[in-house]
Amino acid sequence: MKKLDNLLEKDFHIVEKRKIIFAIPLAIVFVAIVMMIIFNFTLGSPLNLGTDFTGGYSIDVTLGNKLTDENYESYYDQIVNTIKTVTADNGKTYNITVDNMQRQGSGAKASIHVKYFAVKGATEAEMIEDVNPAIQHALEDAILLIIPNFVIDGNTVTVTYSDVVASSIDILKSQFTTLVNKLNAEPNNYGLTFDGSVADAVAIDETDGHKVVISFASIGKTDGLSAEIRDGMRLDDPYAGDVTQGDLTGATVSTELLFNAVLAVALALVFMLCYIGIRFQLSSGLACIIALFHDIIMMFAFMAICHIEINSTFIAALITILGYSINNSIIIFDRVRENMKSVYSKNMTAESIANKSIRETLLRSINTTITTLIMILMVAIIGVTDIRIFAFPIIIGLISGTFSSICIAPSFWALFQRVGKKNKGNFTVQPKKKNSNKKELAEA
């Protein structure tokens with residue numbers, strides 16, 4: 001511990017290395033720009049903007065007591081896959097992209113709130129009249145029905161359900177009879193024959209109430225039969241809940257949200273500049289604002305490099321980091337002010353004062369960042385998906401904010417002090433010569 005204290009008390013001359021310090025964020029921005037160009041050509045968009053800023057739709061899948069911690073991920077994957085494969089009446093795939101999902105409520109009111117992007121090229125009317133109903137029906141079929149698994153072994157088909165279906169045997173016999181009549185009526189029928197009636201071919205497995213055994217006398221062809229049985233032998237799930245359309249975030253609303261987000265950040269920066277300018281110096285306020293701009297750019301850069309979604313949650317993380325970063329900078333500039341009042345400051349340069357102030361607050365800044373990072377990392381590791389999306393920019397912002405408050409803000413302050421002294425030197429007032437007026441009168 002003593003060695004660490006000695007290391008932190010060492011003067012690293014951080015401010016004098018401003019060229020290297022300024023080069024680091026510039027390099028990161030360059031990488032971000034390159035990645036954005038690549039993403040624009042490969043994925044069609046340089047940034048991964050959420051529906052909050054691009055516009056989109058939502059739908060609620062109510063599952064009630066069926067939704068548990070254990071099966072949430074399973075439902076999550078099933079919903080994503082179902083929405084991705086939704087097709088139009090003409091067989092065209094919409095290629096819908098899910099934005100995010102949120103688990104809401106508990107018990108009988110437990111549901112999953114799904115946000116998804118609008119289909120490219122589709123008008124708002126087409127989305128409301130065609131696409132959204134297609135998504136709703138697809139989810140109802142995939143989530144609210146009991147869809148069986150099946151195995152075809154010779155002339156026997158074993159259909160397995162997730163629930164016991166002994167009480168539904170009459171319904172299954174009726175559905176299978178309808179299915180066989182439909183298949184045999186088609187021009188290219190499957191050649192299905194039975195020893196007795198079609199309904200008698202369906203029976204519950206005596207050893208397992210989840211299974212239904214269908215016995216054929218012969219099967220002409222099996223290609224496509226599996227999909228027909230799966231669709232024809234589905235059962236309604238009385239405990240499944242329902243699927244309902246949610247909110248619409250149109251282009252006008254998303255533009256307004258983006259404007260309000262930018263306005264909130266801009267106002268926060270202006271008020272911070274005013275406060276620090278009054279509390280310390282105007283040069284301190286300008287240095288802090290530049291450091292905050294650095295934090296904003298770094299957070300956007302890493303979100304662009306990793307192509308992580310930018311939504312209203314990111315804006316909340318951004319404003320949180322601005323408050324955290326400005327707090328660290330104020331601590332350093334408070335030490336700068338105290339050191340400038342010292343009798344030794346007359347013989348110290350601006351760089352020396354800045355380095356001394358950094359050294360005196362370095363341990364405090366590092367300790368604060370580490371303790372905060374530990375908590376955020378735990379949230380990112382064990383939290384749900386939505387919390388992780390919030391935690392990642394917070395982690396980037398914490399590291400960036402610590403770097404900017406220690407390196408960026410003091411370096412710019414020292415630079416402003418040096419420029420200010422040069423400007424004052426250019427406008428120095430020459431002292432008047434004594435008795436100059438009397439000498440001029442005597443000569444006259």
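Keep in mind the model is a prediction, meaning the values are calculated, not measured.
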* **Shortest non-hydrogen separation from Ser352 to Thr349 and the atoms involved** => OG-OG1, 3.0 Å
* Quick one: closest heavy-atom pair of Leu286 and Leu273, and the distance? =>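 Nearest heavy atoms, Leu286 then Leu273: N-CD1, 3.7 Å.
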* Kindly write out the residues that satisfy ring pair (Phe, Tyr, Trp, His ring centres under 6.0 Å) with Phe300, not counting sequence neighbours, or none if the list is empty. =>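 If we apply the ring pair (Phe, Tyr, Trp, His ring centres under 6.0 Å) test to Phe300, skipping adjacent residues, the hits are Phe314.
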Looking at residues at least two apart in the chain, or sitting in another chain, which of them share a salt bridge (charged side-chain N to carboxylate O under 4.0 Å, His left out) with [X]?
X	result
Lys211	none
Asp130	none
Glu309	none
Arg337	Asp334

* Between Phe39 and His307, is the ring centre distance below 6.0 Å? -> yes
* **Ring centre gap for Tyr116 and Tyr94 strictly below 6.0 Å** =>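 No.
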Using modelled atom types only, decide if a donor and an acceptor are shared between the side chain of [X] and the backbone of [Y] within a distance under 3.5 Å.
X	Y	answer
Gln245	Asn132	yes
Glu360	Ser357	no
Asn81	Asp77	yes

Does one side chain, of [X] or [Y], offer a donor that lies under 3.5 Å from an acceptor on the other?
X	Y	result
Ser325	Ser405	no
Ser400	Asp295	yes
Thr62	Asp242	yes

* With sequence neighbours left out, which residue pairs that include part of residues 257-276 fulfil the side-chain hydrogen bond (donor to acceptor under 3.5 Å, both in side chains) condition? -> none
